[in-house]
Amino acid sequence: MAPNGVVSDKSLIVSFGEMLIDFVPTVSGVSLAEAPGFLKAPGGAPANVAIAVSRLGSKASFIGKLGDDEFGHMLADILKQNGVSGDGILFDQGARTALAFVTLRADGEREFMFYRNPSADMLLTPEELNLDLIRSAKVFHYGSISLIVEPCRSAHLKAMEVAKESGALLSYDPNLRLPLWPSADEARKQILSIWDKADIIKVSDVELEFLTGSNKIDDETAMKLWRPNLTLLLITLGEKGSMYYTKYFHGSVDAFHVNTVDTTGAGDSFVGALLCKIVEDPTILENESKLREVLKFASACGAITTTKKGAIPALPTEAEVLALINGA
């Protein structure tokens with residue numbers, strides 16, 4: 001047992017960043033203004049990853065700040081109900097829990113409008129971090145939204161540094177949300193500012209284009225994002241599958257074809273599945289056939305997540321994933 005009662009467990013996956021509530025229109029394919037009503041859908045990419053991990057049977061913890069309000073306590077309860085440790089959750093007395101209004105277009109893609117001025121997640125300070133929890137992580141996972149403003153940016157950098165010093169694998173999914181950044185240039189600069197710290201990076205095809213300035217999705221473009229520090233670079237292509245790059249090999253894996261209702265959380269589900277499997281067997285990062293099996297599993301997780309509205313209710317169990325793989 002580490003100090004402060006934190007279980008020291010080298011199979012723990014710690015997710016750092018924001019948790020918020022998405023308000024999703026009750027009908028698909030309408031603008032926010034046209035929506036007759038909204039449903040509450042808990043979200044925030046790092047929190048989704050933590051719940052994805054827990055639902056697949058691995059150990060997960062979340063570090064982030066919520067408002068000391070009804071919504072903040074509701075989100076903390078959702079993490080706990082889903083088996084995610086709350087040792088890293090803090091509540092801010094002065095700021096509200098972040099909200100996002102999300103429209104689902106007719107094609108299942110999303111548009112966002114955020115209420116964060118400032119929201120509690122932006123106010124996490126380095127001094128408030130649960131360092132013992134960070135030190136006990138086998139994998140430390142984060143996004144880029146926590147880099148946008150101080151003091152959360154400093155907390156994010158400190159948490160990464162402590163995790164790295166303690167031997168954790170660093171996992172980064174930038175999760176680009178352009179409306180939250182002061183400008184596209186600033187977003188690109190800050191997202192890339194921590195690129196050489198991560199061991200594993202996952203980007204979407206849209207993020208690949210944004211970060212490289214190239215509209216080609218090929219090996220040459222992907223390699224612009226390769227750095228010597230990386231163990232694994234992944235590019236997800238939605239229904240076209242994913243591309244993978246390591247120091248030793250590279251290739252692509254097909255997607256599973258399902259009836260897509262809502263793409264929210266699919267990337268988080270994919271990442272959660274990948275991280276679970278890496279914690280179980282780190283050698284997959286050096287063995288191409290093992291890695292391809294894992295990416296097939298992660299791809300099935302992502303696909304299942306698109307078949308229901310909202311991220312968290314749609315995150316699958318291992319049995320559901322195996323049923324899709326074996327039935328395919």
**Q** Connecting only ILVMFWY residues whose side-chain heavy atoms lie within less than 4.5 Å of each other, what is the rest of Val30's hydrophobic cluster?
**A**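 In the cluster with Val30 are Val27.
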**Q** Count the heavy atoms of every other residue, nucleotide or ligand shown that sit under 6.0 Å from NZ of Lys247, and state whether that count exceeds 12.
**A**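 Counting other residues, nucleotides and ligands, NZ of Lys247 exceeds 12 neighbours.
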**Q** To the nearest 0.5 angstrom, please state how far the CE atom of Met243 sits from the CG atom of Leu208.
**A**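 Result: 7.0 Å between the selected atoms.
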**Q** Would you indicate whether the side-chain heavy atoms of Met113 and Thr103 approach each other to under 4.5 Å?
**A** no
**Q** With the side chain counted from C-beta on, respond yes when Thr305 and Asp262 share a heavy-atom pair under 4.5 Å apart, and no when they do not.
**A**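 Of all side-chain heavy-atom pairs linking Asp262 with Thr305, none is under 4.5 Å.
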**Q** With distance as the sole test, does Asn82 use its side chain to make a donor-acceptor pair with the main-chain N or O of Val84 at under 3.5 Å?
**A**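 Such a contact is absent between Asn82 side chain and Val84 backbone.
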**Q** Do Ile63 and Phe91 share a hydrophobic cluster (ILVMFWY, side-chain heavy atoms under 4.5 Å, transitive)?
**A** no
**Q** So, the side chain of Gln190 versus the backbone of Ser144: is there a donor-acceptor pair under 3.5 Å, distance only?
**A**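 Such a contact is absent between Gln190 side chain and Ser144 backbone.
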**Q** Testing the basics here: between Leu56 and Thr317, what is the closest heavy-atom pair and its distance to 0.1 Å?
**A** CD2-C, 3.8 Å
**Q** So does Gly88 get a backbone contact from the side chain of Asn130, meaning a donor-acceptor N/O pair under 3.5 Å?
**A**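 No; zero donor-acceptor contacts below 3.5 Å.
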**Q** Please determine whether a side-chain nitrogen of the Lys or Arg among Lys65 and Asp92 lies less than 4.0 Å from a carboxylate oxygen of the Asp or Glu.
**A**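 Salt bridge present between Lys65 and Asp92.
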**Q** For Lys216, does the NZ atom have more than 12 heavy-atom neighbours from other residues, nucleotides or ligands under 6.0 Å away?
**A** no
**Q** Starting at SG of Cys301, measure out to CD1 of Ile325 and round the result to the nearest 0.5 Å.
**A** 7.5 Å
**Q** Taking it one step at a time, do Asp173 and Lys202 satisfy salt bridge (Lys or Arg N to Asp or Glu O under 4.0 Å)?
**A** CA-CA 5 Å; Asp173 177 356; Lys202 174 243 152 200; 3.3 Å; yes
**Q** When you compare the side chains of Asp87 and Ser61, does any donor N or O come within less than 3.5 Å of an acceptor on the partner?
**A** no
**Q** Using side-chain contact (heavy atoms from CB on, under 4.5 Å), reason through Val203 and Leu176 one step at a time and then give a plain yes or no.
**A** CA-CA 9 Å; Val203 292; Leu176 177 67; over 6 Å; no
**Q** Would you name the heavy atoms of Arg153 and Ser193 that are closest together and state the gap between them?
**A**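 The pair with the smallest heavy-atom distance is NH2-OG, 4.1 Å.
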**Q** Using side-chain heavy atoms (C-beta onward) and a distance below 4.5 Å, is Glu18 in contact with Pro46?
**A** yes
**Q** When you compare the side chain of His250 with that of Leu233, does any pair of heavy atoms fall below 4.5 Å?
**A**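 Leu233 vs His250: side chains apart.
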**Q** With side chains defined as the heavy atoms from C-beta onward, is the minimum distance between Val321 and Glu318 less than 4.5 Å?
**A** no
**Q** Charged N to carboxylate O under 4.0 angstrom, Lys158 versus Glu165?
**A** no
**Q** Return the NZ to SG distance between Lys59 and Cys276, rounded to the nearest 0.5 Å.
**A**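 Going from the NZ atom of Lys59 to the SG atom of Cys276 covers 12.5 Å.
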**Q** Do any N or O atoms from the side chain of Asp254 and from the backbone of Gly241 form a donor-acceptor pair under 3.5 angstrom?
**A** no
**Q** Using the rule given for side-chain contact (heavy atoms from CB on, under 4.5 Å), can you reason through Leu225 versus Ile201, listing the C-alpha separation, both sets of side-chain angles and the distance that settles it, and then say yes or no?
**A** CA-CA 9 Å; Leu225 295 181; Ile201 294 179; over 6 Å; no
**Q** Tell me who clusters with Ile13, hydrophobic residues only, linked when side chains sit under 4.5 Å apart either directly or through other members.
**A**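 Cluster partners of Ile13: Val49, Val53, Val139, Leu169, Ile200, Leu232, Leu234, Tyr244, Tyr248, Phe249, Val253, Phe270, Val271, Leu274, Leu275, Ile278, Val279, Ile284, Leu285, Leu291, Val294, Leu295.
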**Q** Is it the case that one hydrophobic cluster holds both Ile134 and Phe62, taking links as side-chain heavy atoms less than 4.5 Å apart, direct or via other members?
**A**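 No.
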**Q** Are the side chain of Ser269 and the backbone of Gly265 linked by a donor-acceptor contact shorter than 3.5 Å?
**A** no
**Q** Atom CE in Met122, atom OG in Ser146: separation rounded to 0.5 Å?
**A** 11.0 Å
**Q** Assess the side chains of Asn287 and Ser289: does a donor N or O sit below 3.5 Å from an acceptor N or O?
**A** yes
**Q** For Phe71, is there any backbone N or O sitting under 3.5 Å from a side-chain donor or acceptor partner on Asp69?
**A**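 Present.
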**Q** Indicate if Tyr172 and Phe16 have the same hydrophobic cluster label, given that clusters are the connected sets of ILVMFWY residues with side-chain heavy-atom separations under 4.5 angstrom.
**A** yes
**Q** Is it true that a side-chain atom of Ser242 and a backbone atom of Thr236 form a donor plus acceptor pair closer than 3.5 Å?
**A** no
**Q** I'd like to check the salt bridge (charged side-chain N to carboxylate O under 4.0 Å, His left out) partners of Arg96; sequence neighbours left out, ordered by chain and number.
**A** none
**Q** If you draw a 6.0 Å radius around NZ in Lys290, do more than 12 non-hydrogen atoms from other residues or ligands fall strictly inside?
**A**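 Correct, the count exceeds 12.
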**Q** What is the minimum heavy-atom distance between Val258 and Ala303, and which atoms define it?
**A**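 The answer is CG2-O, 3.4 Å.
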**Q** Given Arg55 and Ile312, is the side-chain contact (heavy atoms from CB on, under 4.5 Å) satisfied, shown in steps?
**A** CA-CA 10 Å; Arg55 201 161 287 172; Ile312 291 169; 3.9 Å; yes
**Q** Do the side-chain N and O atoms of Glu186 and Ser183 include a donor-acceptor pair separated by under 3.5 angstrom?
**A**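 Short answer, no.
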**Q** So how far is it from Ile304 CD1 to Leu324 CG, rounded to the nearest 0.5 Å?
**A**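 Nearest 0.5 Å value for the CD1-CG distance: 5.0 Å.
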**Q** Under 6.0 Å from the CG atom of Asn259, do we count more than 12 heavy atoms belonging to anything else shown?
**A** no
**Q** Please round to the nearest 0.5 Å and tell me the distance separating atom NZ of Lys189 and atom CD1 of Ile191.
**A**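 One gets 13.0 Å once the value is rounded to the nearest 0.5 Å.
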**Q** Grab the two heavy atoms, one from Leu66 and one from Ala76, that are nearest each other, plus how far apart they are.
**A**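 Of all heavy-atom pairs spanning Leu66 and Ala76, the closest is CD1-N, 3.9 Å.
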**Q** Only one of Phe112, Phe114, Tyr115 passes ring-ring contact (aromatic ring centres under 6.0 Å, His included) with Phe101; say which it is.
**A**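 Passing option: Tyr115.
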**Q** Quick one: do Arg188 and Leu211 satisfy side-chain contact (heavy atoms from CB on, under 4.5 Å)? Show the steps, please.
**A** CA-CA 6 Å; Arg188 199 175 291 106; Leu211 293 170; 4.1 Å; yes
**Q** Thr125 versus Ser154: any side-chain heavy-atom pair under 4.5 Å?
**A** no
**Q** Which pair of non-hydrogen atoms, one from His257 and one from Glu239, has the smallest distance, and what is that distance?
**A** CE1-O, 3.3 Å
**Q** I need the minimum non-hydrogen distance between Ser299 and Ala255, along with the two atoms involved.
**A**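 Distance-wise, the nearest heavy atoms are OG-CA, 3.5 Å.
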**Q** Flag yes if Met19 and Ile21 sit in one hydrophobic cluster, no otherwise; membership is Ile, Leu, Val, Met, Phe, Trp, Tyr, and two members link when side-chain heavy atoms are under 4.5 Å apart.
**A**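 The answer is yes; both residues are in one hydrophobic cluster.
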**Q** Answer with yes or no whether the hydrophobic clustering places Leu99 together with Ile145; edges join I, L, V, M, F, W, Y residues whose side-chain heavy atoms lie under 4.5 Å apart.
**A** no
**Q** With the side chain counted from C-beta on, respond yes when Lys164 and Met160 share a heavy-atom pair under 4.5 Å apart, and no when they do not.
**A** no
**Q** So Phe210 and Leu178, do their side chains get closer than 4.5 Å, heavy atoms only?
**A**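 Side-chain contact under 4.5 Å: yes.
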**Q** Looking at Lys309, I want to see if its NZ is surrounded by more than 12 non-hydrogen atoms of other residues, nucleotides or ligands under 6.0 Å.
**A** yes
